[in-house]
Chemist: 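The structure's right below; bear with me while I get my questions together.
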Amino acid sequence: MNSHLLSGLNPEQRAAVELPAQSALILAGAGSGKTRVLTTRIAYLISTGQVSPHGILAVTFTNKAAKEMVTRLSAMLPINTRGMWIGTFHGLCNRMLRAHFREANLPQTFQILDSGDQLSAIKRVMKALNVDDEKYPPREMQWFISGSKEQGLRAHEVEAYDPYTKRKVEVFAEYDAQCQREGVVDFSELLLRCYELLSRNTQLREHYQERFKHILVDEFQDTNPLQYRWLKLLAGKENALFAVGDDDQSIYAFRGANVGNMQELLRDFHVESVIKLEQNYRSHGNILEAANALIEHNRNRLGKNLWTSESGGEKLRVYEAPTDVDEAAFIVEEIQQLKREGVNLTEMALLYRSNAQSRVLEHALVSAGLSYRVYGGLRFFERQEIKHALAYLRLMENTDDDNALLRIINFPTRGIGARSLEQLQETARMNGTTLWDAAARAGGKVSAFVALIESLRSATKDLPLPEIMDHVLEHSGLVAHYESEKTSASKKREAEERLENLNELVNAATLFVHENEDDSLTAFLTHASLEAGEHQAGDSEDALHLMTVHAAKGLEFHTVFITGLEEGLFPHQNSQNVDGGLDEERRLMYVAITRARRRLYLTFAQSRMLHGKVNYGMASSFLRELPEELLLWLTPRVSARRTFGNSSYETSSYVAAFGGASAEPAPPPPGALWKMGQRVFHQKFGEGTVTGIEGGGADARVQVNFKHAGSKWLALEYAKLTAV
DNA sequence: TTGCTTCATCTTTTT
DNA sequence: GATGAAGCAA
């Protein structure tokens with residue numbers, strides 16, 4: 001046995017790797033070597049001859065994690081990982097559905113809808129069914145449909161007692177029927193269809209159960225009910241399910257993840273012992289202690305305490321700025337100082353709760369000449385010009401794809417407008433055919449479009465992928481369209497960038513052909529849907545990282561700035577009305593804290609420009625949940641001022657002391673009668689505390705957290721508030 | 001049919 | 001403040 005595999009593992013990690021062939025739950029804290037354990041476990045099982053690479057099924061959520069696993073595994077073992085079943089839930093389901101497309105009742109070249117495609121498909125269904133989109137916002141409908149599927153429910157299985165829900169179910173059913181007609185599947189359909197395939201087809205199920213003796217799952221706390229059922233089905237009665245996860249890092253409940261799956265796994269698979277990986281190899285002691293103290297405030301935890309053999313290290317630095325602009329200025333100064341001290345920009349991260357916060361930070365960084373990268377923006381295959389180009393390919397591949405047809409029938413413009421389209425859709429509906437069939441029978445400009453697609457198809461029939469791409473870009477008129485836009489001064493740069501991206505698409509095709517055995521058009525289109533592409537081209541330049549806390553999960557940095565720590569922003573306002581919302585926000589904060597290795601800044605501002613309005617907020621309640629002795633206040637302590645002082649806005653003192661940021665303190669808040677933290681009384685809602693003030697003059701509003709009625713925004717013009 | 005204007009909206013997100 | 005959808009004039 002390769003003893004070197006196990007060297008360097010701590011006793012718990014080692015115990016996890018060497019577990020006998022049985023189901024297990026590994027509670028792996030932040031920075032505890034989770035991925036290492038997972039990959040070493042696979043290598044261990046293979047090298048001890050307990051299973052062949054063929055018998056492993058390893059599942060992750062992101063392509064990045066899957067890739068990482070494959071890379072590490074090939075470094076550990078001299079095996080060919082190509083044929084191994086390591087991938088995302090969606091990727092693996094896709095693979096299975098392609099292999100058994102007939103049994104799954106799908107066309108061989110079925111295409112995958114991303115969320116944007118799905119939304120437009122839903123809008124089409126709603127239009128066809130005459131559903132009022134005021135009463136039923138399409139986004140809500142999308143959420144309803146995907147949410148149901150993620151619970152494993154088909155339209156007819158959804159319980160609908162009221163007319164409102166019944167109507168939604170109708171749309172759901174018709175949407176699925178439309179997808180089936182057009183030969184496309186959405187993301188959750190991939191999983192549900194695969195689940196149904198395995199549960200109905202005994203032969204197939206037994207085949208795969210016989211094969212996958214060891215199933216390993218990463219980030220198990222993020223699984224939704226359908227994913228868990230899928231795993232259970234594959235595991236059957238015999239196979240071992242090895243799940244790694246951390247309930248404290250569950251931050252995706254809002255999109256259907258069910259932490260409860262961890263408890264269910266213990267019960268369903270009769271797991272006797274849970275192994276906890278609590279030794280953290282990332283952060284200094286004070287950072288960990290702060291994280292532990294914070295997460296203690298959550299109920300219903302499986303229970304876990306991170307520790308480190310490192311020293312306490314620095315205290316957490318807390319900074320209160322008068323405004324968001326000052327906050328950014330402070331951060332820039334600290335970054336420059338750290339840079340002088342030799343910390344690379346790549347080793348620093350600016351985290352925020354919502355994307356809107358990045359703008360002010362970016363502005364400050366640009367002015368200071370610091371290079372940075374914003375993570376999580378629009379991704380390559382989601383760009384408009386790329387989607388258009390791919391739609392041509394999709395339609396060539398499958399003329400039933402109405403989504404694709406609608407996207408390009410008049411792009412570039414060929415004089416086919418809304419009225420012609422309406423007629424086309426009417427004809428299709430009357431005859432029960434796809435738009436393509438209707439178009440084929442139409443005349444004029446529409447028939448020219450049909451001829452164009454057909455000529456593209458026949459001209460590229462036997463060409464290799466990159467050449468197909470090239471041909472389509474040229475002859476579809478896309479390139480010419482953007483070339484002509486270059487002459488318009490206002491759109492010049494945009495058009496140039498789009499042309500560059502189209503060019504890059506040909507490169508992507510070339511690369512794809514080199515890297516994949518199956519280099520068919522279908523395979524490439526699937527790749528485009530399932531792997532929207534790394535956010536942007538990853539340059540190795542020394543640049544700062546800007547991202548949301550969600551996006552930071554799994555990463556680590558020498559220095560982390562957690563910004564915008566204000567009540568209403570982090571924890572976010574909208575989480576207050578959600579069951580368990582505050583706990584999830586707290587876990588999010590926990591994730592944020594545990595990203596830092598050596599230094600952690602916690603910053604907030606008294607006033608912030610939000611949606612074009614100035615907002616006045618108070619410090620995040622999470623700050624108060626951190627032990628005072630771990631904090632180093634760079635500005636006068638909030639608790640002292642807010643609790644004992646009479647005025648909430650003694651801004652002058654520290655602006656003088658910590659000048660450098662803009663010299664002006666925040667303007668006094670409007671609605672001078674009301675101050676943050678003030679206790680008030682309302683006729684209807686009773687007693688409460690002021691937690692937010694916004695706007696001025698006639699439309700000034702205050703936010704009051706009522707003892708019994710919860711938190712509400714009240715317009716001062718109407719609400720009669722009295723001081724208590 | 002197109003291009004311009006106004007208007008509402010504004011957590012988090014991978015596949 | 002930025003974005004996208006919807007409405008309206010040319």
Side-chain angles (χ1 to χ4, degrees), chain A residues 59-66 87-94 112-120 123 133-134 137-139 143 146 149-150 185-191 219 222-224 226-227 250-257 324 351-360 362-363 375-379 381-382 384 410-422 445 488 490-491 526-535 547-554 564 568-578 581 584-585 587-589 591-592 608-615:
Chain A
V59 201
T60 62
F61 277 86
T62 65
N63 293 299
K64 196 175 155 209
T88 63
F89 279 99
H90 296 84
L92 295 173
C93 286
N94 172 65
I112 299 164
L113 302 182
D114 68 20
S115 342
D117 299 331
Q118 185 187 31
L119 188 62
S120 40
K123 283 181 184 166
D133 58 2
E134 299 259 311
R139 292 209 165 273
W143 188 80
S146 298
K149 288 189 185 183
E150 279 157 15
V185 298
D186 61 46
F187 286 134
S188 36
E189 182 71 26
L190 277 174
L191 278 146
E219 305 274 19
D222 288 338
T223 50
N224 63 37
L226 177 58
Q227 286 160 338
S250 157
I251 55 174
Y252 286 113
F254 73 89
R255 67 174 196 216
D324 48 353
L351 307 186
Y352 34 81
R353 175 64 237 266
S354 67
N355 287 306
Q357 288 167 253
S358 76
R359 224 192 56 249
V360 178
E362 285 184 67
H363 184 79
Y375 288 76
L378 192 58
R379 285 172 315 173
F381 286 110
E382 284 169 352
Q384 188 212 97
N410 199 32
F411 194 97
T413 48
R414 349 184 127 79
I416 305 174
R419 228 188 58 226
S420 323
L421 269 183
E422 204 122 304
K445 292 165 176 167
S488 138
S490 61
K491 287 183 178 168
T526 300
H527 164 82
S529 306
L530 248 30
E531 304 182 35
E534 320 286 283
H535 304 282
M547 62 186 93
T548 63
V549 181
H550 282 93
K553 190 175 159 203
L569 195 58
F570 196 4
H572 199 277
Q573 188 56 51
N574 297 8
S575 70
Q576 290 203 338
N577 313 317
V578 182
E584 178 144 318
E585 294 288 306
R587 289 193 293 271
L588 200 50
M589 181 67 181
V591 167
R608 177 178 301 276
M609 187 77 126
L610 225 56
H611 316 316
K613 266 188 176 167
V614 179
N615 277 256

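Keep in mind the model is a prediction, meaning the values are calculated, not measured. We name chains A, B, ... by the order of the sequence lines, and we start the count at 1 in each one.
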Chemist: Hey, does the side chain of A/S420 come within less than 4.0 Å of B/dT1's phosphate (OP1/OP2), counting only N and O?
Modeler: yes
Chemist: Stacking between A/F187 and the base of B/dT14 (centre distance under 5.5 Å, interplanar angle under 30°)?
Modeler: no
Chemist: Would you please name every residue forming a salt bridge (charged side-chain N to carboxylate O under 4.0 Å, His left out) with A/R608, sequence neighbours left out?
Modeler: A/E327, A/E566
Chemist: Of all residues at least two apart in sequence or in a different chain, which pass the salt bridge (charged side-chain N to carboxylate O under 4.0 Å, His left out) check with A/E382?
Modeler: A/R379
Chemist: Does A/Q357 have any side-chain hydrogen bond (donor to acceptor under 3.5 Å, both in side chains) partners at least two apart in sequence or in another chain, and if so, which?
Modeler: A/S354
Chemist: Please find out if less than 6.0 Å separates the ring center of A/H572 from that of A/F254.
Modeler: no
Chemist: Ring of A/H572 versus six-membered ring of B/dT11: centres under 5.5 Å and planes under 30°?
Modeler: yes
Chemist: So does A/T548 get a side-chain nitrogen or oxygen closer than 4.0 Å to the phosphate oxygens (OP1/OP2) of B/dT13?
Modeler: yes
Chemist: With sequence neighbours left out, what residues match A/P137 under side-chain contact (heavy atoms from CB on, under 4.5 Å)?
Modeler: A/E140
Chemist: With 3.5 Å as the limit, what N/O pairs link the protein to nucleotides 2-10 of chain B?
Modeler:
{"residue": "B/dT2", "atom": "OP2", "partner": "A/N410", "partner atom": "ND2", "Å": "3.2"}

Chemist: For B/dT13, take OP1 and OP2 only and decide whether either is under 4.0 Å from a side-chain N or O of A/N355.
Modeler: yes
Chemist: With A/N410, which residues qualify under side-chain hydrogen bond (donor to acceptor under 3.5 Å, both in side chains), at least two apart?
Modeler: none
Chemist: What nucleic acid atoms does A/F61 come within less than 4.0 Å of, heavy atoms only: base, sugar-phosphate, or nothing?
Modeler: sugar-phosphate
Chemist: Is A/R379 close enough to B/dT15 that one of its side-chain N or O atoms is under 4.0 Å from OP1 or OP2 there?
Modeler: yes
